[in-house]
Amino acid sequence: MSVSTNTQLKRSVRVPFWAQILIGLALGVLLGWIARSQDLSWLVTTLEKVGGTFVGLLKLAVAPLVFFAILVSITNLRKVNNAARLASRTLLWFMITSLIAVAIGLAIGLVTNPGAGTGLSPADGEAPEKTGSWIDFLTGIVPTDVITPFTELNVLQIVFMAAVAGIAALQLGEKAQPILTLSESVLELLQKALWWVIRLAPIGTVGLIGNAIATYGWNLIGKYATFTLDIYVGCLIVLFGVYPALLATVAKVGPVQFFKGAWPAIQLAFVSRSSVGTMPLTQNVTERLGVPKEYASFAVPFGATTKMDGCAAIYPAIAAIFVAQIFDVPLGVGDYLLIAFVSVVGSAATAGLTGATVMLTLTLSTLGLPMEGVGLLLAIDPILDMIRTATNVAGQALIPVIVASREKILDREKYDAVHASPVDETPEPKDTRPVPATV
């Protein structure tokens, strides 16, 4: 059997990455249901350890990955024509899509009244240990030392230090080249290691979903049914309504091709609940969609720490209405405008990590709502965070495509030809047989 035949046979029986994730989801739900219904504590512990280990591996690379990705992305802008224009257009579209997302969240919350009929009361809430305020947000950007942000995983401070280092490197010019070369090598090393972790996502899915079902069960979801449904509906409207509309009308490209190319990153985000952990894959699919590498290497890391349509727009909008209804606090037009303002300006507070508690506390404190409202939502948070993060990551891939298309730097042939999942792709085996001599 020839080498090419062997390769084709292996490819024909290989399970695609997206199918592996779906199998993991189904198996996780089944094992979680068995663990809860049969009260199997050992199985609950096993699922928790498997899921926790997967998330832990992702988080292990977060701090250095963010630092070197932001540093390298800023310095890469020197290779791009009209870098300032691209950066400003990227930020502008971040804000536009955030406004659309928060408007959808507010509309859904006002129509469905998610806090009504839940049976919950203010007594069920508990104030979180850590809260976010505008003072904390602004003063917390600048670190007091260079070590603590990495040990405590303060992504916002890491972004600040990386941005300062990147701008300084641009100012130094050739003198900074050795540092830039080292930074690029370290970044490639981190992304390679993280790629191995990404391949473990189907196994991590079993643990994460299984533990969620075993720990929370369906009863908890039932109590928060309207709120949970609101978050999922809002995110799905943005994902499959707003984003395709923007692709078709603004970018003038086919939405189906976008989802075909970006789907591996979206599904990994759904499982891992980490925008930063998904970042290498997000950048990979963005480049495969025809966005120039020099621009993608800036836009995607920037988006992974600031572009959060799910966590920072839809979720806090609906959650604020939910908490206000539980605590019987009326909200007016001015409050809804404040929610929109916080969503656009304060989205960096989410910092690409799992969960949006900081963003929610920032929103509640701005509106003067009780912090105990956060405690009402913590139990259901892991289930909500999956769709929120998937929406985040889809938006982080979407904006570079829109900007690149409008600036006429998008490789449309590459975009139209995108097909297989990058996780499934492997290099062709080299034929080491000697080339026959010619006469």
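Position 1 is the first residue of the sequence, and the numbers go up from there.
- Annotation: side chain of Ile383 is not in contact with side chain of Tyr224 (no heavy-atom distance under 4.5 Å).
- Annotation: Ile203, atom CD1; neighbour count of heavy atoms from other residues, nucleotides and ligands within 6.0 Å does not exceed 12.
- Annotation: side chain of Leu25 is not in contact with side chain of Val29 (no heavy-atom distance under 4.5 Å).
- Residue Asp145 qualifies as enclosed at atom CG: its count of foreign heavy atoms under 6.0 Å is above 12.
- Between Leu398 and Phe258 the shortest side-chain heavy-atom distance falls below 4.5 Å.
- If you check the side chains of Gln257 and Asp416, you find no donor sitting under 3.5 Å from an acceptor.
- Inter-residue side-chain proximity for Ile321 and Pro114 is flagged as met; some heavy-atom pair is nearer than 4.5 Å.
- For the residue pair Asn392 and Thr389, no side-chain donor N or O sits within less than 3.5 Å of a side-chain acceptor on the partner.
- With ring centers used as reference points, Phe94 lies under 6.0 Å from Phe302.
- Test Ile314, Ile237, Ile387 against Tyr232 for side chain to side chain contact (heavy atoms under 4.5 Å, CB included) and you get one pass: Ile387.
- Judged as a ring-ring contact (aromatic ring centres under 6.0 Å, His included), and not counting sequence neighbours, the contacts of Phe227 are Phe322.
- Annotation: side chain of Asp385 is in contact with side chain of Arg388 (closest heavy-atom distance under 4.5 Å).
- In this structure the side chain of Leu180 never reaches within 4.5 angstrom of the side chain of Val72, judged on heavy atoms.
- In this structure, Phe259 has its ring center closer than 6.0 angstrom to the ring center of Phe240.
- Side-chain contact between Phe298 and Ile70: absent, with no pair of heavy atoms (C-beta onward) separated by less than 4.5 Å.
- Proximity of Met279 to Gln191: side-chain heavy atoms (C-beta onward) are nowhere separated by under 4.5 Å.
- Side chain to side chain, Asp309 and Tyr243 meet the donor-acceptor criterion of an N or O pair below 3.5 Å.
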